[in-house]
Amino acid sequence: MSEKAVRVRFAPSPTGPLHMGGVRTALYNYLFAKKNNGTFVLRIEDTDQTRFVKGAQEYILDALAWCGITPDEGPGIGGEHGPYIQSERKDMYPAYAEELIKKGWAYYAFDTSEDLENMREQAKKMKMPNWQYNSITRSSMKNSLTLPEDEVNSRIKNSEPYVIRFKMPRNQDVRFEDIVRGWVVVNTNNLDDKVLYKSDGMPTYHLANIVDDHTMAISHVIRGEEWLPSAPLHVLLYEAFGWEAPKFAHLPLLLRPDGNGKLSKRDGDRLGFPVFPTNWTTAEGELYSGYREKGYFPAAFINMLAFLGWNPGTTQELFSLEELVAAFTLERVSKSGAKFDAEKTKWYQQQYLRATPNEKLAEQLSQIIDGEYDRNYLAVVCNLMKERATFITDIPLDGDYFFNEPTEYDEKTVHKKWKEETTEIMQNWCNRLTALDPFTSEIIEVSFKQYLEEINKGIGAVLPAFRLLLTGKAMGPSMFEISALIGKEESIKRMEQGIKKIAKLKIQS
RNA sequence: GCUGCAGUAGCUUAAAGGUAGAGUCGGAGUUUUUCAAACUCUUGGGUGUGGGUUCGAUUCCCAUCUGCAGUACCA
């Protein structure tokens, strides 16, 4: 076995934002490259000029950067195998197409789109639903195999539009070993004479991808399962050129969470989760939401994505990008489609939030809240809140009482936990707080328990009222911590105000 | 239709012929502190179906069903 340098590529087409399935393909390419000390190449496949979408290429670069899977070579990055945008490589393809014609592996075809459409329609009427341009039908079409040579030449000379088609051999088994799927065998009778070079002067994907992969010295082609059916054509193309084919690995599809089918861009916002790494607004102004803007950490997103179609074979589920690199192998990629699970994605995000140091969370929190707060104060808030939050944005939402005094009180708790005697109990408790010094959570807690003993009450009967006064809510982290953090003065102020307000509420009801 | 690929708990999946295991979700309990938190425990599958090979099959073979993908001068 020749030990070629590992070079892989991710080759999206700029027809829109990068779907999370595409991100996963990029991720696996990246992981495989890094694992094997190889090179990860980004190539933009824009041979279809009609489907070009403005901003898509920038989106792809930006999204990959957010995910932390940065290419070693690519547009805007450079490298020795450029250019990395196929439209900029346009001039190099015709020679390759003509080489195939010379070698008898391809031919010129002059049939127009209308001709082909008619053919297909007629065939359908004759109950042959799947007409193909192939070794049988090509003999009755207008091409360089059926037309006299001088007519072919004159048509080309007169710049009549033509395409170049692959001359698919008849009844031949094409075999190749896919790293994920094992041996795949397809008979050429089931394959058609694919267009390699279009009449607009651009190659199709099939030609461009073989030429580019070869000239870019790509060692492994890792791509989605939707390419599996055309892989035999690609294998034959390598054979036709006399090039060594790269190794193939076709990744399982990403399935939508409900029902069956491929995860599509519309599933996300319909079912309440993003399908794209970052926000994307169409030219028509339609917004597709992204993981970044929803508050997911890139590491959590990547970790989740890595497990959609791969597993390490152990029970470990939390992996940093570096750990993924170390653990990843294509052999452990599964064959069956992976159903995307939005709940599990949230779970990953939660795990990453918890694992993030409080100081770092405080820094991010300071950017999303109004007003200036002491960084240490925010760090303590994060420490208290992160156990019960999924996103950073949950912290100021569920813990707004760290920043503002409560304006309303949880109705159910007022109703259930605020008895007639509670007003007095809270008033006395407030007086006790006034006397505490220093005002730490430990001292508050000890004092609270003493007080309970004195009045002969259980914690469940008194604590909810205390929480209500300081936070307005029915639940949250330790009351002693909260009280200590917002401070004696603020605690007492909130209690005095709250007792009055709740008394008023009680009268009204 | 044709070709290809795949089918293990609701979901993600492990077990490369040898007692079908995890995580998530769901449920329950504990914490004389409330709580959607924490901790503990836990329901749930006989591997799409039917045959076959084998002492033994989720793993191999055949058939069948279902799903998905491809079937464009799209990638």
Side-chain angles (χ1 to χ4, degrees), chain A residues 11-15 45-48 50-51 86 109 111-113 116-117 120 124 127-133 161-165 178 180-181 184-187 189-192 194-206 208-209 223-232 250 252-253 255 257-262 304 307-317 331-332 334-348 384-389 398 413 416-417 445 448-449 452 458-468 473-480:
Chain A
S13 47
T15 54
E45 310 222 321
D46 60 344
T47 51
D48 186 353
T50 60
R51 292 209 309 160
Q86 284 183 333
D111 318 273
T112 64
S113 306
L116 296 175
E117 214 166 287
R120 291 199 176 96
K124 209 177 249 178
K127 288 187 180 169
M128 294 180 63
N130 195 29
W131 184 86
Q132 288 190 318
Y133 210 120
Y162 65 86
V163 300
I164 296 174
R165 283 183 182 270
D178 186 283
V180 173
R181 283 148 214 286
V184 177
V185 186
V186 179
N187 189 283
N189 286 356
N190 299 312
L191 270 20
D192 64 344
K194 276 272 176 300
V195 170
L196 300 177
Y197 196 80
K198 300 184 278 185
S199 58
D200 66 358
M202 280 288 217
T204 62
Y205 168 83
H206 302 294
N209 117 84
R223 74 235 295 192
E225 186 186 317
E226 64 269 27
W227 293 112
L228 197 53
S230 56
H250 289 93
L253 255 18
L255 271 21
D258 69 324
N260 297 304
K262 204 161 85 158
M304 173 278 292
F307 272 70
L308 248 33
W310 172 86
N311 77 84
T314 65
T315 54
Q316 185 184 347
E317 295 195 87
E331 284 71 22
R332 291 209 64 89
S334 51
K335 298 195 243 302
S336 51
K339 205 166 256 198
F340 170 73
D341 184 352
E343 288 306 314
K344 189 76 188 237
T345 309
K346 277 189 189 149
W347 178 82
Y348 274 110
L384 291 178
M385 293 302 290
K386 71 178 178 184
E387 288 293 322
R388 52 188 75 224
D398 297 338
T413 313
K416 275 177 69 176
K417 298 283 183 180
E445 182 168 358
F448 186 76
K449 285 184 174 161
L452 284 186
I459 282 172
V462 184
L463 194 79
F466 183 33
R467 180 181 298 283
L468 210 48
K473 296 192 192 290
M475 66 217 126
S478 158
M479 272 318 296
F480 313 115

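In what follows, chains are A, B, ... by sequence order, proteins preceding strands, each numbered from 1.
Closest approach to the A/Ser334 side chain among B/rU33, B/rU24, B/rU13 is made by B/rU13 (side chain taken as heavy atoms from C-beta onward). Of the candidates B/rU24, B/rU34, B/rC74, B/rU24 carries the atom nearest the A/Lys344 side chain, counting heavy atoms from C-beta on. Comparing B/rC74, B/rU33, B/rA69 by their closest approach to the side chain of A/Lys262 singles out B/rA69. For A/Lys335, whose side chain is taken as the heavy atoms from C-beta onward, the closest listed nucleotide among B/rA38, B/rA69, B/rA6 is B/rA6. When distances run from any side-chain atom of A/Thr204 to the nucleotides B/rG10, B/rA75, B/rU34, the shortest one goes to B/rA75. Comparing B/rU71, B/rA75, B/rG7 by their closest approach to the side chain of A/Ser336 singles out B/rG7. Of the candidates B/rU13, B/rA72, B/rC5, the closest approach to any side-chain atom of A/Ala338 belongs to B/rU13. Side-chain proximity of A/Val163 to B/rC73, B/rU3, B/rA69: nearest is B/rC73. For A/Gln132, counting side-chain heavy atoms from C-beta on, the closest listed nucleotide (B/rG4, B/rC73, B/rU71) is B/rU71.
With rounding to the nearest 0.5 Å, the separation of OH in A/Tyr348 from NZ in A/Lys344 is 5.0 Å.
Counting only Watson-Crick or G-U wobble pairs whose defining distances are both under 3.5 Å, the stems of 3 or more consecutive pairs in RNA chain B are B:1-7 with B:65-71, B:10-13 with B:21-24, B:26-30 with B:38-42, B:48-52 with B:60-64.
Note on ring orientation: taking the six-membered ring where Trp is involved, the planes of A/Phe466 and A/Phe448 are parallel (angle under 30°, cut-offs 30° and 60°).
An OP1 or OP2 oxygen of B/rA75 is reached within less than 4.0 angstrom by a side-chain nitrogen or oxygen of A/Thr47. Look at A/Asn311 and you won't find any side-chain N or O under 4.0 angstrom from OP1 or OP2 of B/rU13. Note on A/Arg165: a side-chain N or O is less than 4.0 Å away from OP1 or OP2 of B/rC73. One finds a side-chain N or O of A/Lys198 lying less than 4.0 angstrom from the OP1 or OP2 phosphate oxygen of B/rA75. Listed pair A/Lys449 / B/rU32 fails the phosphate criterion, with no side-chain N or O lying under 4.0 Å from OP1 or OP2.
In this structure, A/Glu45 atom CD and B/rC74 atom C1' are separated by 12 Å, rounded to whole Å. The nearest whole Å value for the distance from the CG atom in A/Leu191 to the C1' atom in B/rU71 is 10 Å.
Evaluation of atom-type donor-acceptor distances gives a pair under 3.5 Å for the side chain of A/Arg388 against the base of B/rC35.
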